[in-house]
Amino acid sequence: MSGDGQGRNHWFDDEAGPVVRPYAMTRGRTTSPAQHRLDLIAVVVTEPDAGDPETDPTLSPEHVEIVGLCRDEPQSVAELAAELELPVGVVRVLVGDLVHTELVHVTRPVPPAELPDESILRDVINGLRAL
């Protein structure tokens, strides 16, 4: 390599940041066992009886931060990626790890097509008032 800084530029992009770090955070993994359910709108919730993730030496600081964020309020995969400033693919792998260790679980929002029609709800309310 020449001394012109080309070696540095190969592993660093001024706008995107370091290229290697996300790959290293997932230990080179690009998928997880639970990834098939982890699209952008999947909601991550900390398990109510989850212990302190900081005591688990196998978890990274990012794992611990995900558990903390979801303990305060359930978060979508997209929200976690934005909050942690990490690629969605990396967040999916990290969340998959946490699902496997039973610190979090993933739920799916109800699709609008499966929600009851507003007129049905209005009829139920009117029927209850008539009692």
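Quick caveat, the model's predicted, so the values are computed rather than measured.
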K.L.:
How long is the span from the OG1 atom in T46 to the CG atom in L69, to the nearest 0.5 Å?
P.N.:
8.5 Å
K.L.:
Roughly how far, to the nearest 0.5 Å, is OG of S76 from CZ of R108?
P.N.:
11.0 Å
K.L.:
Mind checking whether V43 and Q75 have side chains closer than 4.5 Å, heavy atoms only?
P.N.:
no
K.L.:
If two hydrophobic side chains count as joined below 4.5 Å and joins carry through other members, does L40 share a cluster with V91?
P.N.:
yes
K.L.:
Start with the C-alpha distance between V45 and V104, add both sets of side-chain angles, then the distance that settles side chain to side chain contact (heavy atoms under 4.5 Å, CB included), and finish with yes or no.
P.N.:
CA-CA 5 Å; V45 182; V104 302; over 6 Å; no
K.L.:
With a 4.5 Å limit on heavy-atom distance, are the side chains of V67 and E65 in contact?
P.N.:
no
K.L.:
Are any non-hydrogen side-chain atoms of C70 and I66 less than 4.5 angstrom apart?
P.N.:
yes
K.L.:
Between V106 and V77, does the side chain to side chain contact (heavy atoms under 4.5 Å, CB included) criterion hold? Intermediate values first, please.
P.N.:
CA-CA 9 Å; V106 177; V77 171; 6.0 Å; no
K.L.:
Could you give the distance from OG1 (T107) to NE2 (H105), rounded to the nearest 0.5 Å?
P.N.:
5.5 Å
K.L.:
Of all heavy-atom pairs between L59 and P53, which one has the smallest distance, and what is that distance?
P.N.:
CD1-O, 3.7 Å
K.L.:
Taking all atoms of both residues into account, what is the closest heavy-atom pair of E102 and E47, and its distance?
P.N.:
O-CG, 3.3 Å
K.L.:
Distance check, rounded to the nearest 0.5 Å: R92 atom CZ versus D97 atom CG?
P.N.:
14.5 Å
K.L.:
If we check side-chain contact (heavy atoms from CB on, under 4.5 Å) with R122, which of these qualifies: N126, I120, I125?
P.N.:
N126
K.L.:
Please round to the nearest 0.5 Å and tell me the distance separating atom CG of L86 and atom CG of L94.
P.N.:
7.0 Å
K.L.:
Looking at NE2 of H63 and OG1 of T101, how far apart are the two atoms once the value is rounded to the nearest 0.5 Å?
P.N.:
7.5 Å
K.L.:
Decide yes or no for V90 and V93: does some side-chain heavy atom of the first lie under 4.5 Å from some side-chain heavy atom of the second?
P.N.:
no
